[in-house]
Amino acid sequence: MNHWLMKTEPATFGIDDLARARNHTTAWDGVRNFQARNYMREMRLGDLAFFYHSSCDVPGIAGIVSITREAYPDHTAFDSEDPHFDEKSSPANPRWFMVDVKLVTKFDRVIALEELRRYGQDKLKNMVILKRGNRLSITPVSRAEWNFINSLL
DNA sequence: GCCAACGTTGGC
DNA sequence: GCCAACGTTGGC
């Protein structure tokens, strides 16, 4: 099983939105970055991911989700009315994909980015999210990083 | 294939 | 709101 980190802006769709969603599940649509897409296509049923809040008061990890459906075409790319429309993607030749994720755990508190930087100098020194200028919305997380971060709770 | 221009991300 | 960092685009 692999581990991941998935970013979202809580003003748009945060962990409380996921908690309210039908079956605590949502389609992770709107990814329009090739590297992030490629990571999504590597995701397998049962993989776990940190649910990360970005561009907000306290950026950080808000909980854990599991992958409940592997990559399938992101239909929002086909809809010219949709903000994520991409004319280069078509049902016959889809360019963008999404997975379904289900809420596993909402943490009692957000593990702030600042906290990860402070306590993870050693154990998290290679973590993608902590690297300067990182913008990838989906990144792999090593087992050691996963375990360490869970131990902060 | 290079690279300048542009748009976006995301922490602060 | 600022701006550094980054990805993508398109002219050449």
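In the text below, chain A, chain B and the rest are named by the order of the sequence lines, each starting its count at 1.
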Would you mind reading off the distance between A:His84 atom NE2 and B:dT8 atom P, rounded to a whole angstrom?
-> 12 Å
Do A:Tyr39 and A:Asn2 have side-chain heavy atoms sitting under 4.5 Å apart?
-> no
Value in whole Å for how far the C1' atom of B:dG7 lies from CG of A:Asp86 = 15 Å
Separation of atom CG in A:Asn38 from atom P in C:dG7, rounded to whole Å = 13 Å
Across all chains, not counting sequence neighbours, the salt bridge (charged side-chain N to carboxylate O under 4.0 Å, His left out) partners of A:Arg41 are none
Rounded to whole Å, CD of A:Gln35 lies from C1' of C:dT8 at a distance of 14 Å
Report the residues that fulfil side chain to side chain contact (heavy atoms under 4.5 Å, CB included) with A:Ala27, sequence neighbours left out, ordered by chain and then residue number.
-> A:Tyr72, A:Met98, A:Asp100
To the nearest angstrom, the CH2-P distance between A:Trp96 and C:dG7 comes to 13 Å
Side-chain N or O of A:Lys7 less than 4.0 angstrom from OP1 or OP2 on B:dT9?
-> no
Pairing residues for A:Arg118 by the salt bridge (charged side-chain N to carboxylate O under 4.0 Å, His left out) criterion, not counting sequence neighbours = A:Glu114
Apart from A:Leu45 itself, what residues make up its hydrophobic cluster when side-chain heavy atoms of I, L, V, M, F, W and Y under 4.5 Å apart count as a link, directly or indirectly?
-> none
Round to a whole Å and report the spacing from NZ of A:Lys131 to P of B:dT9.
-> 22 Å
Think A:Tyr52 has a side-chain N or O under 4.0 angstrom from the OP1 or OP2 of B:dT9?
-> no
Within residues 67-76 of chain A or reaching into it, pairs that qualify as salt bridge (charged side-chain N to carboxylate O under 4.0 Å, His left out) - sequence neighbours excluded | A:Arg32-A:Asp74, A:Arg44-A:Glu70
Grab the CG-P distance between A:Leu136 and B:dT9 for me, whole Å please.
-> 12 Å
May I have the distance from A:Asn33 (atom CG) to C:dT8 (atom C1'), rounded to whole angstrom?
-> 10 Å
Do A:Phe50 and A:His3 have side-chain heavy atoms sitting under 4.5 Å apart?
-> no
Using a 3.5 Å cut-off and no angle test, enumerate the donor-acceptor pairs between side-chain atoms of residues 120-130 of chain A and protein atoms at least two apart in sequence or in another chain.
{"from": "A:Gln121", "atom 1": "NE2", "to": "A:Arg117", "atom 2": "O", "distance (Å)": "3.3"}

Considering residues at least two apart in sequence or located in another chain, which fulfil the salt bridge (charged side-chain N to carboxylate O under 4.0 Å, His left out) criterion with A:Lys106?
-> A:Asp16
Tabulate atom names and distances for all N/O pairs under 3.5 angstrom spanning the protein and nucleotides 2-5 of chain C.
{"from": "C:dA5", "atom 1": "OP1", "to": "A:Arg132", "atom 2": "NH1", "distance (Å)": "2.4"}

So which of residues 112-128 of chain A are in contact with DNA chain B, with a heavy-atom cut-off of under 4.0 Å?
-> A:Leu113, A:Arg117
From the candidates B:dG11, C:dG7, C:dT9, the one with an atom nearest any side-chain atom of A:Lys88 is C:dT9
